[in-house]
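Accompanying notes for the structure given below.
From a predicted model like this one, the values you see are computed outputs, not experimental measurements.
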Amino acid sequence: MTIAPTPNAPQVDDDDFRAMLAQTRSFVRTVVVPREQEIADTNAVPDDIRQAAKDMGLFGYAIPQEWGGLGLNLAQDAELAMELGYTTLALRSMFGTNNGIAGQVLVNFGTDEQKERWLEGIASGAVVASFALTEPGAGSNPSGLRTKAVRDGDAWVISGEKRFITNAPLADLFVVFARTRPADEKGTGIAVFLVPADTDGVSVAGKDAKMGQEGAWTADVHFNDVRVPATALVGGSEDVGYKAAMTSLARGRVHIAALSVGQAQRALDESVAYAATATQGGVPIGDFQLIQAMLADQQTGVMAGRALVRDAARAWVDETDRRVAPSVAKLYCTEMVGNVADLAVQIHGGTGYMREVPVERIYRDVRLLRLYEGTSEIQRLIIGGGLVKQAQRAAGSATR
């Protein structure tokens, strides 16, 4: 069994990628945007949109081509995410875990046999993979997880509860993090397992009723003495789990930052269009300086966020910063989109508080972005701690 690293070089050249971006933009704005209210009202993405996403390769855009994906690197992923973020976040949620936090665990840490078994299905959308990390007592910091995996002959027996698991009601495969022993000098004792959803002992609770993001389903998942073979242990190692979780989450933070920029751009566009046409006393409200000031603050946030996402994505691909930069991008962009959405509602006035108005939905949807894949508070700890450690290493080198 071998563990192969993810290639950083893109497998789609610039011309083909520009065409892909244009196709995605057209799909988002001409197919999905007109049906956003339908998705919100039914709390589901229509089957024809799901099939179109599969046909476009969106379930596997970040999976290497050797496994049936498109092979985009993170810089390209971020550009695509800014387009996908322009519409309801339920669209991206359909295939986000396949390309991101779940799929990347397999891409980066799976054995050849595990990749052969699962990645082609994940890339095509035939398999929906869910990242089962969060628990009632362990969220942004996986070191506190309580789900246990006990070795029993040639098998592992997993018991525990996971919470807020994206795509759990649709999942074919759970990427499950569990503790095999207390942390010791050998490692963290956190492993990760591949558990098919139809395995005995796996049960998925009803869909969560959330503040927003209708159509993006989450649910609790229970593992009651779930028996899986030794081949389900990712990488064949009991200590892969913590690194796999941290690597996948860090990469995902750049992606979430890019989604935030897409949502902020949409809120800005809705605000500009409304300000240009809505009148107060017979005068377009966009002629008022206070409205212009709010639009200016929105535009500034969007442009700063876009530049920051691109910088952080390049640093990931170049392997110059895979810790601080992703957290900086996620912290700034998710906070930024919250401010932009708030200003959008303010610009719309009472209209912005009404259901079926896009900025009202955006206002609710983006609130979650500051919570998942590491809260804003966790990002601040990573950034601050990372800067101090860099300075300490530099000081240590200077004294030697």
Side-chain angles (χ1 to χ4, degrees), residues 3-6 62-63 74 77 96-111 114-115 118-119 122 129-149 156 158-168 171 173-184 186-195 218 220-221 223 228 232-257 316 322-327 329-331 371-379 381-383 385-386:
I3 300 175
T6 305
I63 304 298
L74 187 54
D77 179 320
T97 49
N98 275 32
N99 288 287
I101 50 180
Q104 293 302 313
V105 169
L106 263 172
V107 169
N108 287 291
F109 298 95
T111 64
Q114 290 166 342
K115 293 176 183 179
W118 291 108
L119 280 180
I122 288 172
S130 278
F131 185 81
L133 173 65
T134 302
E135 299 181 0
S140 296
N141 184 359
S143 63
L145 63 81
R146 297 178 182 175
T147 296
K148 293 182 179 179
W156 289 92
I158 303 170
S159 297
E161 177 185 358
K162 300 296 182 178
R163 177 164 289 180
F164 310 141
I165 305 305
T166 299
N167 286 331
L173 176 70
F174 290 105
V175 178
V176 183
F177 293 81
R179 186 173 291 284
T180 62
R181 67 173 194 280
D184 55 28
K186 297 179 181 179
T188 62
I190 296 175
V192 55
F193 298 87
L194 303 175
V195 181
T218 63
D220 290 0
V221 185
F223 299 90
V228 295
L233 179 64
V234 173
S237 169
E238 292 184 39
D239 292 300
V240 159
Y242 186 81
K243 183 177 181 181
M246 292 297 95
T247 301
S248 294
L249 288 170
R251 186 187 189 282
R253 285 163 186 156
V254 180
H255 178 86
I256 296 299
W316 180 277
R322 292 190 165 188
R323 181 167 176 79
V324 172
S327 288
K330 184 179 187 292
L331 174 61
L371 300 176
Y372 60 23
E373 298 193 28
T375 63
S376 291
E377 290 71 30
I378 288 293
Q379 306 315 319
L381 293 178
I382 293 171
I383 296 163

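The backbone N or O of Phe223 sits nowhere less than 3.5 Å from a side-chain atom of Glu161 that would complete a donor-acceptor pair. Distance alone, capped at 3.5 Å, is enough to place a donor-acceptor pair between the Lys115 side chain and the Val107 backbone. A donor-acceptor pair under 3.5 Å is absent between the side-chain atoms of Arg179 and the main chain of Arg146, judged by distance alone. For Ser159 (side chain) and Lys148 (main-chain N/O), no donor-acceptor pair under 3.5 Å exists by modelled atom type. Lys162 contributes a side-chain N or O that, together with a main-chain N or O of Leu133, makes up a donor-acceptor pair within less than 3.5 Å. Side-chain atoms of Arg253 come within 3.5 Å of backbone atoms of Glu373 as a donor-acceptor pair (strictly under, hydrogens ignored).
Pairing each heavy atom of Ser130 with each of Ala168, the nearest pair is OG-N, 3.5 Å. Shortest non-hydrogen contact noted between Phe177 and Ala245 is CE2-CB, 3.6 Å. The two atoms that bring Gly386 and Val324 nearest to each other are CA-CG2, 4.1 Å, heavy atoms only. Taking all atoms of both residues into account, the shortest heavy-atom contact from Ala129 to Thr97 is O-OG1, 2.7 Å. Across all their heavy atoms, Phe109 and Val234 have their closest contact at O-CG1, 3.7 Å. The minimum heavy-atom distance linking Leu249 with Phe131 is given by the pair CD2-CE2, 4.2 Å.
The CD1 atom of Ile101 sits 13.0 Å away from atom OG1 of Thr247, with the distance rounded to the nearest 0.5 Å. Summarising the geometry, atom CD1 belonging to Ile190 is positioned 4.5 Å from atom CG belonging to Leu145; distances are rounded to the nearest 0.5 Å. Atom OG1 of residue Thr375 and atom CD1 of residue Ile378 lie 5.0 Å apart, to the nearest 0.5 angstrom. A distance of 9.5 Å separates CZ of Phe174 from CG of Asn167, quoted to the nearest 0.5 Å. Atom OH of Tyr372 sits about 12.0 Å away from atom OG1 of Thr134, to the nearest 0.5 Å. Rounding to the nearest 0.5 Å places CG of Asp220 at 8.0 Å from CD1 of Ile165.
Using a 4.5 Å heavy-atom threshold, the side chains of Thr180 and Trp156 count as touching. Side-chain contact between Leu194 and Leu106: present, with at least one pair of heavy atoms (C-beta onward) separated by less than 4.5 Å.
Every side-chain hydrogen bond (donor to acceptor under 3.5 Å, both in side chains) that Arg251 has, sequence neighbours left out, goes to Asp77. Applying the side-chain hydrogen bond (donor to acceptor under 3.5 Å, both in side chains) criterion to Gln114, with sequence neighbours excluded, gives Thr111. Residues passing the side-chain hydrogen bond (donor to acceptor under 3.5 Å, both in side chains) test with Thr188: none are found, sequence neighbours excluded.
Judged by distance alone, the side chains of Thr147 and Glu135 do bring a donor and an acceptor atom under 3.5 Å apart.
The existence of a salt bridge linking Glu238 and Arg181 is confirmed by a sub-4.0 Å separation between a basic side-chain nitrogen and an acidic carboxylate oxygen.
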